[in-house]
Amino acid sequence: MQKKTPIIIDCDPGIDDIAALLLARQIPHFDVKAITTVAGNVPLAFTTQNALQLLSFMDWDVPLARGAEGPLSRPLETAEDVHGKGGMCGLTLPAANRRPVDLPAWDLIYQIAKREGGKLEIVAVGPLTNIAVALAKYPDLTKLINRITIMGGAFLAGNTTPAAEFNIYVDPEAAKRIFTSGIPFYLCPLDVTHCGYITEEELREIGGFGSKESEFFRDILLKGMAMSIYSGGKGVPLHDPLALLFAADPSCFTFTGCFVGVETQGPVTRGKTVTDVYSDKKLDKNGFYVQTVNRDTFIGHIKNLMSRYTDERKS
Ligand code: RIB
Ligand code: CA
């Protein structure tokens, strides 16, 4: 029996965060210890409400802690133009039947990390503020997190600015704190998440699997079809699900260890991530850069995970 991996998912729901959470509940070897929310796509009140409603909808009994209302040292910039004012592009879920725990995200992260004795992994799919605050408050946390898988960054071109991807752009100082912390991190940049797209046909197939979760998975991602410009119009890039599935099973990806840096200054380059994978200047490796995905295999995993809701409802 494969040993389960203790996981915390830090997110800013958001269309693709919701898809990632729907998938996470069905990953058999993930022991999701907590969900933590951060301001990002929409303000914290909405990211938290969306997560609580989704967990209630999925009947998923996992603690949720609210995190940062904004970046470490900058005003919050959101992405309502993509995710809608409330973060679900106008879709609604039944009212939540639960509340956040009383601890803030960074305290819950530390509490669980200590309890798991260094085995804890974090999947971070929003701005990295919560993790940065946790590291600042608890310096020994660097020894208690096994690895962090991050949806973030862009080496070729950004989505929020020509240079920067949204999660890193919103809080580049937080990203720098994680990149220089010594904790092993795997960065899933736009360069690979744009290849990890799902087509409308595949979404409609999943929506026909017969569970309310697979129907909501289809509906929320169809709302993201406007993002398909990033994948040449072929489908919705599954930014957050890709990072989650890399953490679950990297076998349909390629990745390489390298130096990863982030620009925190400059009005044009703020949030730009850089790597020395192609440069002659070999800097000390501090992380991993996920480079490619086998899209067909990736989508096959997604279909398999979402089909588990149907099986669950039948049993
Ligand atoms: O740039 C894409 C990332 O920013 C995704 O995590 C999306 O949810 C937004 O947070
Ligand atoms: Ca996100």
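Ligands are counted one by one from 1 in listed order, and the atoms in each one are counted from 1 as well. Keep in mind the model is a prediction, meaning the values are calculated, not measured.
Residue contacts with ligand 1 for Ile15 are absent, since no atom lies close enough (heavy atoms, distance under 4.0 Å). Using a 4.0 Å cut-off between heavy atoms, Thr193 makes no contact with ligand 1 at all. Under 4.0 angstrom from ligand 1, there are no non-hydrogen atoms of Thr160.
A heavy-atom distance below 4.5 Å is not found between the side chains of Glu165 and His239. The shortest distance between side-chain heavy atoms of Ile198 and Ile299 falls below 4.5 Å.
Regarding atom 8 (O) of ligand 1, its nearest protein heavy-atom neighbour is Asp16 OD1, 2.6 Å. For atom 1 (O) of ligand 1, the closest heavy atom belonging to the protein is Glu165 OE2, 2.6 Å. Here the protein heavy atom with the shortest distance to atom 9 (C) of ligand 1 is Asn41 OD1, 3.0 Å. Of all protein heavy atoms, the one lying nearest to atom 10 (O) of ligand 1 is Asn167 OD1, 2.8 Å. Atom 6 (O) of ligand 1 has Asp240 OD1, 2.6 Å as its closest protein atom, hydrogens excluded (heavy atom only).
Atoms of ligand 1 found under 4.0 Å from any heavy atom of Asn159, numbered from 1 in the order shown, are 1 (O), 2 (C). Every atom of ligand 1 is numbered from 1 in the order shown, and the set under 4.0 Å from a heavy atom of Val125 is 6 (O), 10 (O). Each of the atoms 2 (C), 3 (C), 5 (C), 6 (O) of ligand 1 lies under 4.0 Å from some heavy atom of Met151. Atoms of ligand 1 found under 4.0 Å from any heavy atom of Asp17, numbered from 1 in the order shown, are 8 (O). Close approach of ligand 1 to His239 (heavy-atom distance below 4.0 Å) involves ligand atoms 2 (C).
When the options Asn130, Asp12, Thr48 are evaluated for a side-chain hydrogen bond (donor to acceptor under 3.5 Å, both in side chains) with Thr37, the one that passes is Thr48. Screening Ile35, Val123, Ile27, Ile112 for a side chain to side chain contact (heavy atoms under 4.5 Å, CB included) involving Ile7 leaves a single residue, Val123.
For the 3.5 Å distance criterion, the side chains of Thr199 and Glu201 fail to qualify, holding no donor opposite an acceptor. In this model, a donor atom of one side chain and an acceptor atom of the other lie less than 3.5 Å apart for Ser211 and Ser214.
When distances to the Ca ion (ligand 2) are checked against a cut-off of 3.0 Å, Gly14 contributes no N, O or S atom below that limit.
Transitive grouping of hydrophobic side chains (ILVMFWY, heavy atoms separated by less than 4.5 Å) keeps Leu187 and Leu242 in distinct clusters.
Minimum-distance N/O/S atom of Asp240 relative to the Ca ion (ligand 2): OD2. Of all N/O/S atoms in Asp12, OD1 sits nearest the Ca ion (ligand 2).
Put simply, the side chain of Asp240 gets close to the backbone of Asp17: a donor and an acceptor are under 3.5 Å apart.
Here Arg218 does not pair with Glu200 in a salt bridge; the nearest charged N to carboxylate O distance is not below 4.0 Å. A salt bridge between Glu121 and Arg147 is present, with a side-chain N of the basic residue lying under 4.0 Å from a carboxylate O of the acidic one.
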